[in-house]
Every structure is written in C-alpha cells, then in structure tokens.
Colleague: 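This is the structure, below, for whatever I ask next.
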There are 2 protein chains.
Amino acid sequence: MTTRNADIRVAIFEDNKLVRDAYEAIFSGTNGFACTGVFTDCTDLDFKIRKSAPDVVLMDIEMPGMDGIAATQQITSAAGAPSILMQTVFEDDEKIFAALCAGAVGYILKTSSPVQLLQAVSEVVSGGSPMSPQVARRVLKLFQHHAPHATVSDTETLSEREKEILTLMVNGNAARQIAEHLFLSYETVRTHLKKIYRKLHVVSSAGAVAKALKDRLV
Amino acid sequence: MTTRNADIRVAIFEDNKLVRDAYEAIFSGTNGFACTGVFTDCTDLDFKIRKSAPDVVLMDIEMPGMDGIAATQQITSAAGAPSILMQTVFEDDEKIFAALCAGAVGYILKTSSPVQLLQAVSEVVSGGSPMSPQVARRVLKLFQHHAPHATVSDTETLSEREKEILTLMVNGNAARQIAEHLFLSYETVRTHLKKIYRKLHVVSSAGAVAKALKDRLV
DNA sequence: CCAGTTTTCACCCAGTTGGGGTATAGATGC
DNA sequence: GCATCTATACCCCAACTGGGTGAAAACTGG
C-alpha cells in the first residue's frame, strides 16, 4: 500500500466532468479514503486498474466506448480483482441484471448523498453489497423470476398431465420419447401436445418450450 | 381499514416468546404502526392472515410445524398478498435463497435494532427490499451463481447469424418465417439450424429453444 | 345417475423437420 | 497464394409434426 493503512483506495470511472470532480473531491477530502484514479473512459482498462490499484471501483454504468457493464466483466475476470460498485442515474432492470451478472457487488443511485456514497464504499470493503431498498427489490424481482410474465391464468388451465408432458418437452424429449417415458401411446402424447399448443396459443413445440420457460410454467 | 389511515399493519409470526413480545411492543408502541396479529405458528395460516389483514408480515424463518419459507410461499401465492419480511438469527445461504424464491421481499437479522426494524418495515411498504449489505452480498452471490449458467464457451461458438436465428426461433418463428424475416432462402435457414443443433448438442427446435433460454444464450 | 372434464387411443393428410450430402462466394489468416 | 471459416443455397428422403375428426374409458361434482 502506498497510502496510510486505513485508507480505502477508490478508483472512479465516470464520463461526466461535474460528477467526476464531485466524486474525486469527496474521496480525496475525506479521512479514511483515497482517490487513486479518476478516469473518463475504459480504454487501457487493465493498465488503469493496475496503476490505481483500488480496493473499490466506482463505475458509471453508462459510458462512451466500453460501457460500465463490459468493463465490470473484464475487471472481475482477473484474480484479486477489486470490488465494483455500480452507479446509475435511474434504475433500469435490464442494466441492473447485466451489471450484477457481470460481477458488480453493489449498486447505488447517483442521487445518493456524499455521506451515503462514502458509507456504501465502506460497506463494500467490509464485504457488504449496498443498494437502495428500491434497487434491492428490483434485483429480487429479477432473481425470483428472471422473466416474470406470470401468465398464471393460462398455467392453471393446463392439466397435470399436460404440465408433465410440457416439462418433458422442455427437457428435450420428442413426442416418441415422452410416450415411452410415460408408458403412453405415441398418438396420445400427440393429442396432449395439440391441446397444450392451443392453450398456450403457440403452433410448435419450440413455441411451447419458449412460453413454458419464459412464463415459468414448468 | 380499522386503524388510522397512516398506520402500517404488521402481523408477527415468531415462536420465541421473548422476541415475539418485544416485537409486539415495538409495533404497538410506535406511532404509524399497528400490530394486528401475533402468532406462534402457521396453523390456520390463511385465517390468521385474513383476520389480521397485515400490510407487512414479519416472518421467522425457522418455526415449528410449517416453517417460515413454506408459509411465505403459501401467503404470496394468493392475490393481493401482503409483503413478507423474513427475519433470521444467522445468515444461511440456502435458507435465504429459499425464502426469496418463496416470495419474501426483504430480509433482516434479529440482531437489528428496533429502529432498524421499523425502518425496514417502512421500506417494505414503500416498495423497497431492505436487507443488510452483508445479506445483500450473499443474495448477489447466489444470484450470480444460480442465474447465469452462461455457457460462454458454447455461446461463443455460435456465430452472429446463428444467434440471430436462434433468437427468432425462441420468439416462436418456424424456419419459413425466419427465412422471410431475414430475407434468406428457406434452405439456408435450415442449414443454419442444423449447425446450431450440432453446436448445442440438441436434436430438435424445442431442445434448442430450451437450451437457449436455460443457458441465456439469447 | 348424468353432464362435464380429463385421459386415453386411432386415423388421415399436407407440410415441416432433421440428417445426409454438395457447392459457391467472400472474409480472414498465415 | 492457399487454407479455413462463414454464409449462402440446393437436393434427397425418412421421419416427425400439427391440424382435423372421432371415440371410449375414467373420473368429478352435482
């Protein structure tokens, strides 16, 4: 460490100058924190990370060139990588999902106060994942069912047998295999399949499988 | 509503008497909150929920008889169900995962202070998902681990064109439709499909769709 | 007991699918 | 330049699929 042992080393990736300067001032001017790098984009990303050797990277999710999500993926793929705290102006389910999949450990809004920001970074260092309860709820929603189309009404019109057959289909079985598996005649399985297609408003096995997985019918 | 309009109605499920009484005291004795039900177990669960009509259910994750996870599942499966805030003594990855899958919207530790507890319940009501940064990190870990199977190696062997065609298939298109959509000949699309099947190790469109969705290839 | 639903099975038929070839044009790479 | 890859396109053929119709057995709830 080149800084005092208690200092948390923070690197900032942010394309907006006003925000960038504000962040730099906050971390540079607060005891216990050190701003070891301020960057406007992700070119030479590996070099910038090595040079600033941060404990925590504050990463803007939207940046020109390589965006924050791609950068997060690249940074976290290395061994001993720093923790990455994403920041965004507005919650966007898809982006949140992508950022967390990419390996970000926390998520804060740009509307957070300086105190909240410092606290969030501290929490990241001590092994936490700070995020606003609102963002946490969104993450949970994605987590609970990545595609919550929730066609409950349709699910329930499917009989037990039909769900059973749909499940087998999702697991890659063709009509003939399903028949063998359930000790049914091939024609019976086909009859079931036709009814399933009508109920799900699809016209092919591929469509049925897609609907089953997207709507969590199985 | 039988209570003042600003009051948040809370129902408590907790088998330990000391904890139970403490919680009741906290919610009964704080302005803006009303404790509308205190229960030691989940027998007659539906009745207890209907009777107490809570906005938020504070649910112990471990209880004799039906545990808090099963109870959460039952409660959230009904329409217009209350939000459920889980509480536990110690973080347990599996239990956290199960509880959130069951539909809990938040998660707090029993070591939380009364103020934190009240704040957590308030956050639930206003659409948030309160959880300690430590718990959030665990959720994220499970989330990152469970959700993105990301068979990157296999995905990347699919060419851009192949991914494009696979996406169209997932969206319910047959070979003929894909051909029209991409201004390709029917036979060309079929050639692509055959290559996709070989790469994904499947033998049908249904299998390809299942793999694409399960492994998030599209 | 009767009506309705589910489950089971069968046949017909046009169209599609999956597997196997073969081949040409363009891009990439050494 | 030559190898390789990708995208494009076509052919054959057996098998499967999806739609329709019909019908019997079993169960469900009045």
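First the proteins, then the strands, lettered A, B, ... as listed; each starts at 1. In this text, all values refer to a predicted model and were calculated from it rather than measured experimentally.
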Colleague: Could you tell me how far apart A/E160 (CD) and D/dC27 (P) are, to the nearest whole angstrom?
Modeller: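 From A/E160 CD to D/dC27 P: 16 Å.
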Colleague: Compute whether any side-chain donor of one residue and acceptor of the other, for B/K214 and A/N171, lie under 3.5 angstrom apart.
Modeller: yes
Colleague: Under 4.0 Å between a side-chain N or O of B/T188 and OP1 or OP2 of D/dA9?
Modeller: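 Answer yes for this pair, as a side-chain N or O of B/T188 is under 4.0 Å from OP1 or OP2.
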Colleague: Between the side chain of A/K48 and the main-chain N/O of A/T43, is any donor-acceptor distance below 3.5 Å?
Modeller: yes
Colleague: So, do B/F39 and B/D44 sit near enough that their side-chain heavy atoms are less than 4.5 Å apart?
Modeller: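 No, their side chains stay 4.5 Å or more apart.
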Colleague: From NE2 of B/H192 over to C1' of D/dC5, roughly how many Å is that when rounded to an integer?
Modeller: 13 Å
Colleague: Give a yes or no on whether a salt bridge exists between B/K17 and B/D21, defined as a side-chain N under 4.0 angstrom from a carboxylate O.
Modeller: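 Judged by the 4.0 Å cut-off on N to carboxylate O distance, B/K17 and B/D21 do form a salt bridge.
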Colleague: Rounded off to whole Å, could you give me the CD1-to-P distance for the A/I165 and C/dT6 pair?
Modeller: 14 Å
Colleague: Rounded off to whole Å, could you give me the CE-to-P distance for the A/M169 and D/dT17 pair?
Modeller: 10 Å
Colleague: Start with the C-alpha gap between A/F13 and A/V57, add the side-chain angles, then the distance that decides, and say whether side-chain contact (heavy atoms from CB on, under 4.5 Å) holds.
Modeller: CA-CA 8 Å; A/F13 287 83; A/V57 174; 3.6 Å; yes
Colleague: Could you state the CD-C1' distance from A/E164 to C/dT8, rounded to the nearest angstrom?
Modeller: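 Spelled out: CD on A/E164 to C1' on C/dT8 is 14 Å.
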Colleague: Within a strict 4.5 Å, meaning less than it, do heavy atoms of the A/D60 and A/V19 side chains meet?
Modeller: no
Colleague: Please enumerate all protein N or O atoms sitting under 3.5 Å from an N or O of nucleotides 17-21 of chain C, with distances to 0.1 Å.
Modeller:
unit_1: C/dT17; atom_1: OP2; unit_2: B/Y186; atom_2: OH; d: 3.4
unit_1: C/dG18; atom_1: OP1; unit_2: B/S205; atom_2: N; d: 2.7
unit_1: C/dG18; atom_1: OP2; unit_2: B/Y197; atom_2: OH; d: 2.8
unit_1: C/dG18; atom_1: N7; unit_2: B/R190; atom_2: NH1; d: 2.7
unit_1: C/dG18; atom_1: N7; unit_2: B/R190; atom_2: NH2; d: 3.3
unit_1: C/dG18; atom_1: O6; unit_2: B/R190; atom_2: NH2; d: 2.7
unit_1: C/dG19; atom_1: N7; unit_2: B/K194; atom_2: NZ; d: 3.2
unit_1: C/dG19; atom_1: O6; unit_2: B/R190; atom_2: NH2; d: 3.3
unit_1: C/dG19; atom_1: O6; unit_2: B/K194; atom_2: NZ; d: 3.2
unit_1: C/dG20; atom_1: O6; unit_2: B/K194; atom_2: NZ; d: 2.8

Colleague: So what is the end-to-end bend of the helix from C/dC1-D/dG30 to C/dC30-D/dG1, with 5 pairs used at each end and the value given to 10 degrees?
Modeller: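 One end axis against the other gives 60°.
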Colleague: May I have the distance from A/E162 (atom CD) to C/dT8 (atom C1'), rounded to whole angstrom?
Modeller: 13 Å
Colleague: In whole angstrom, what separates A/K195's NZ from C/dT8's P?
Modeller: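 Rounded to whole Å, this separation is 11 Å.
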Colleague: CG of A/L158 versus P of C/dT5: gap in Å, rounded?
Modeller: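 Answer to the nearest Å: 16 Å.
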Colleague: If I take atom CZ from residue B/R161 and atom CG from residue B/L184, how far apart are they, to the nearest 0.5 angstrom?
Modeller: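 Going from CZ on B/R161 over to CG on B/L184, the span is 4.5 Å.
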Colleague: Is there a side-chain contact between B/C42 and B/M63, using heavy atoms and a 4.5 Å cut-off?
Modeller: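 Touching, per the 4.5 Å side-chain cut-off.
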Colleague: Among all residues two or more places apart in sequence or in another chain, which pass the side chain to side chain donor-acceptor pair (under 3.5 Å) test with A/Q177?
Modeller: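 A/Q177: no side chain to side chain donor-acceptor pair (under 3.5 Å) contacts found.
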